[in-house]
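Data first, discussion second: the structure below is written as structure tokens.
This chain uses plain numbering: 1 for the first residue, then up along the sequence.
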Amino acid sequence: LHDYDCLTSGLAMMEVGQALRVYPNPAAYQVQLEPAPTHALVYLLLDAHGRPVREGVYRPGTGIGVAGLASGFYSLHLPSEGRTLRVVLE
């Protein structure tokens, strides 16, 4: 996997305690973040065993493609935000 650490500076700063969610959840093709970040966010999508299955940079107005992944529970890790969100794929 790639090292995206260089992209963590200047990212959207979420207010402390602000709820961040993934939708739709459950999903089949693509997921979005809400509220939509105003800057790029590095993400890592992990399967139920903690193995990375997708990685990239989430940009405003785009989504994270999940088509082709097996149904089940996944974790969407946002390192710059220090958050991990649960995603259910159907």
Side-chain angles (χ1 to χ4, degrees):
L1 296 176
H2 303 286
D3 181 10
Y4 292 106
D5 288 342
C6 62
L7 296 174
T8 58
S9 61
L11 297 179
M13 299 302 294
M14 307 294 283
E15 287 184 31
V16 175
Q18 183 177 6
L20 184 63
R21 71 180 194 96
V22 176
Y23 75 94
N25 203 4
Y29 303 105
Q30 185 176 24
V31 295
Q32 303 277 335
L33 294 176
E34 186 178 78
T38 58
H39 295 83
L41 292 176
V42 173
Y43 71 85
L44 184 61
L45 186 64
L46 308 169
D47 68 11
H49 301 287
R51 295 180 297 231
V53 294
R54 293 272 195 284
E55 66 171 296
V57 178
Y58 182 91
R59 300 189 192 296
T62 67
I64 298 169
V66 296
L69 295 175
S71 298
F73 294 99
Y74 291 79
S75 297
L76 180 61
H77 182 58
L78 305 169
S80 66
E81 301 300 313
R83 298 183 189 201
T84 300
L85 306 169
R86 171 141 329 185
V87 181
V88 179
L89 300 184
E90 49 185 19

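Among residues at least two apart or in separate chains, salt bridge (charged side-chain N to carboxylate O under 4.0 Å, His left out) pairs with a member in residues 40-50 are D47-R51. Listed by first and then second residue, the salt bridge (charged side-chain N to carboxylate O under 4.0 Å, His left out) pairs involving residues 60-76 amount to none (not counting sequence neighbours). Listed by first then second residue, pairs satisfying side-chain hydrogen bond (donor to acceptor under 3.5 Å, both in side chains) with a partner in residues 67-77 read H77-T84, not counting sequence neighbours.
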For residues 19-31, tabulate all N or O donor-acceptor pairs below 3.5 Å that involve a side-chain atom, not counting sequence neighbours.
| from | atom 1 | to | atom 2 | distance (Å) |
| --- | --- | --- | --- | --- |
| R21 | NE | E34 | OE1 | 2.7 |
| R21 | NH2 | E34 | OE1 | 2.9 |
| N25 | OD1 | V88 | N | 2.8 |
| N25 | ND2 | R86 | O | 3.0 |

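The CG atom of L44 sits 8.5 Å away from atom CG of L76, with the distance rounded to the nearest 0.5 Å. Taking CG from L41 and CD from E81, the interatomic distance works out to 5.0 Å, rounded to the nearest 0.5 Å. Considering CG of L78 and CG of L45, their distance stands at 10.0 Å, rounded to 0.5 Å.
Taking all atoms of both residues into account, the shortest heavy-atom contact from Y43 to Y58 is CD2-N, 3.6 Å. A40 and P60 make their closest contact through N-CD, 4.2 Å (heavy atoms, listed as atom of the first residue, atom of the second, distance).
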Report task. Show the numbers, then the answer: is there a side chain to side chain contact (heavy atoms under 4.5 Å, CB included) between L33 and L85? Result -> CA-CA 10 Å; L33 294 176; L85 306 169; 4.0 Å; yes
Report task. Quick one: do V57 and R59 satisfy side chain to side chain contact (heavy atoms under 4.5 Å, CB included)? Show the steps, please. Result -> CA-CA 6 Å; V57 178; R59 300 189 192 296; 3.3 Å; yes
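Taking the side chain as every heavy atom from C-beta outward, V42 and S80 never approach each other to under 4.5 Å.
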